[in-house]
Amino acid sequence: MHLRIRRSAFLLIPLAVAGYAIGGRAEVKTTRAAVCRWAEAPPKLDGKLDDPCWRGAAPIEDFAANWAGAPRSGTRAYLAWDDEALYYAAEMTDAELRAFGTKRNDHLWEGDVFEAFFKPSKDRPEYYEFQANPREVVFEVAFPRRGDLGHAFNQEPVLGNKAVVALDGTLDQPGDKDRGWIVEGRIPWTAFAASGGAPKPGAKWSFALCRYDYGPAGTEPVLMSSAPLTEPSFHHYEDYGTLTFEGPKAGR
């Protein structure tokens, strides 16, 4: 299966059984559980990650192509929340900074991209996908269920995903040596209206943080996810990790 067609067809190919990847390889280390901590103050979206909420966040560092039994180093992500929004950030090594798309809900995954998937309830079909690329272009879709939407992604309503990026290198200049990029973003709780909006402290959602990392032209992208995905589809939410929303400290 060519991985880029996953957006429209959502084809799923079984590649792992009972915790083992293809070829009998043991499952690699991923993030089966994480904590989203309360932000006493919202972060300033400037790509610096020096805000108190990031310093106090629980880092998410275990990424892999679990379906192939391959660990993936070089990503450290963070999640935080308050009454207004869900905040995300990631520091990513990247030797070849490339981007695709210039408008909201373009096919950003045809270049380097950071992706975040959230499924508030295992008993309901709704789930959400948010992306940001090195140009600060965003993608945002509230999926009513898994499958083809029946229309183009750019016809989906605005959800309010906002991202700011800092680059350590030069974008879209083949042959040079880049080092990486940082993304820092905000998703208002109104984006999750279809499934009830903001969570309560202690709530548990299913989630996956993912990347497409492109190298030189003509090479296939390196895919990775925080979740222990048994199939090469970021939409396979049955394999997502569990995200627990930690509430504010007592006395707030």
Side-chain angles (χ1 to χ4, degrees), residues 1-36 57-79 88-96 98 107-122 125 127-133 139 141 143 145-147 180-181 183 204-215 219-244:
M1 180 188 72
H2 197 295
L3 294 171
R4 294 184 196 173
I5 69 173
R6 68 183 178 86
R7 303 291 171 171
S8 57
F10 298 91
L11 298 178
L12 303 176
I13 301 176
L15 294 180
V17 179
Y20 286 86
I22 55 175
R25 293 183 293 248
E27 181 180 297
V28 294
K29 191 174 183 182
T30 52
T31 306
R32 290 188 171 275
V35 174
C36 184
I60 298 167
E61 301 176 288
D62 293 324
F63 285 73
N66 184 56
W67 58 87
R72 299 281 191 244
S73 60
T75 305
R76 180 182 293 112
Y78 309 90
L79 296 169
Y88 62 90
E91 303 171 284
M92 298 164 280
T93 59
D94 194 331
E96 182 80 30
R98 298 174 60 187
H107 291 192
L108 306 187
W109 55 91
E110 294 186 33
D112 295 336
V113 70
F114 177 80
E115 306 187 357
F117 294 80
F118 301 99
K119 194 172 190 300
S121 173
K122 292 184 178 181
Y127 71 105
Y128 303 83
E129 178 178 6
F130 302 94
Q131 302 177 10
N133 78 358
F139 178 98
V141 171
F143 287 95
R145 66 192 61 80
R146 186 165 53 203
W181 60 297
V183 63
K204 297 181 184 297
W205 287 13
S206 299
F207 87 109
L209 305 180
C210 308
R211 285 182 63 188
Y212 273 64
D213 182 9
Y214 279 76
T219 62
E220 288 297 315
V222 175
L223 274 68
M224 66 194 82
S225 176
S226 64
L229 300 178
T230 56
E231 302 177 357
S233 169
F234 294 165
H235 293 261
H236 196 237
Y237 49 66
E238 291 84 354
D239 292 335
Y240 286 1
T242 299
L243 182 67
T244 301

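Residue numbers start at 1 and run along the sequence shown.
With sequence neighbours left out, Glu96 forms a salt bridge (charged side-chain N to carboxylate O under 4.0 Å, His left out) with no residue at all. Under the rule for a salt bridge (charged side-chain N to carboxylate O under 4.0 Å, His left out), Asp239 has no partner lying at least two apart in sequence or in another chain.
Inter-residue side-chain proximity for Val183 and Tyr88 is flagged as met; some heavy-atom pair is nearer than 4.5 Å. Using a 4.5 Å heavy-atom cutoff, the side chains of Tyr237 and Leu229 are not in contact. The side-chain heavy atoms of Phe207 and Leu79, taken from C-beta on, include a pair separated by under 4.5 Å. Two residues are said to be in side-chain contact when any heavy atoms from C-beta on lie closer than 4.5 Å; Gln131 and Val141 fail this criterion. Here the side chains of Thr31 and Phe63 are not in contact, with every heavy-atom distance at 4.5 Å or above. In this structure the side chain of Pro228 reaches within 4.5 angstrom of the side chain of Arg32, judged on heavy atoms. Proximity of Thr75 to Met224: side-chain heavy atoms (C-beta onward) are separated by under 4.5 Å at one or more points. Between Glu115 and Arg211, the closest side-chain pair of non-hydrogen atoms is not below 4.5 Å.
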Exercise. Run the numbers on Tyr78 and Glu91 for side chain to side chain contact (heavy atoms under 4.5 Å, CB included), then give the verdict.
Key: CA-CA 9 Å; Tyr78 309 90; Glu91 303 171 284; 3.1 Å; yes

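A salt bridge does not link Glu238 to Lys119: none of the charged nitrogens lies less than 4.0 Å from a carboxylate oxygen. Ionic pairing of Glu110 and Arg98 is not present here: no N-O contact between side-chain nitrogen and carboxylate oxygen is shorter than 4.0 angstrom.
Closest heavy-atom contact between Asp112 and Asn133: O-CB, 3.5 Å. Scanning both residues, Pro59 and Arg76, for their nearest heavy atoms gives CB-CG, 4.0 Å. Between Phe118 and Pro120, the shortest heavy-atom contact is O-CD, 3.8 Å. In this structure, Ala77 and Leu209 approach most closely via the heavy-atom pair CB-CD1, 3.6 Å. Between Ser225 and Cys210 the shortest heavy-atom distance is OG-SG, 3.4 Å. Taking every heavy atom of both residues into account, Ile60 and Ser226 meet most closely at CG2-CB, 4.1 Å.
Classification of the Tyr214-Tyr212 ring pair by plane angle, with boundaries at 30° and 60°, yields parallel. Phe117 and Tyr127 have parallel rings, their planes meeting at less than 30° on a 0 to 90° scale where 60° marks the start of perpendicular.
The residue from Phe114, Phe130, Trp109 that alone fulfils the ring pair (Phe, Tyr, Trp, His ring centres under 6.0 Å) condition with Phe139 is Trp109.
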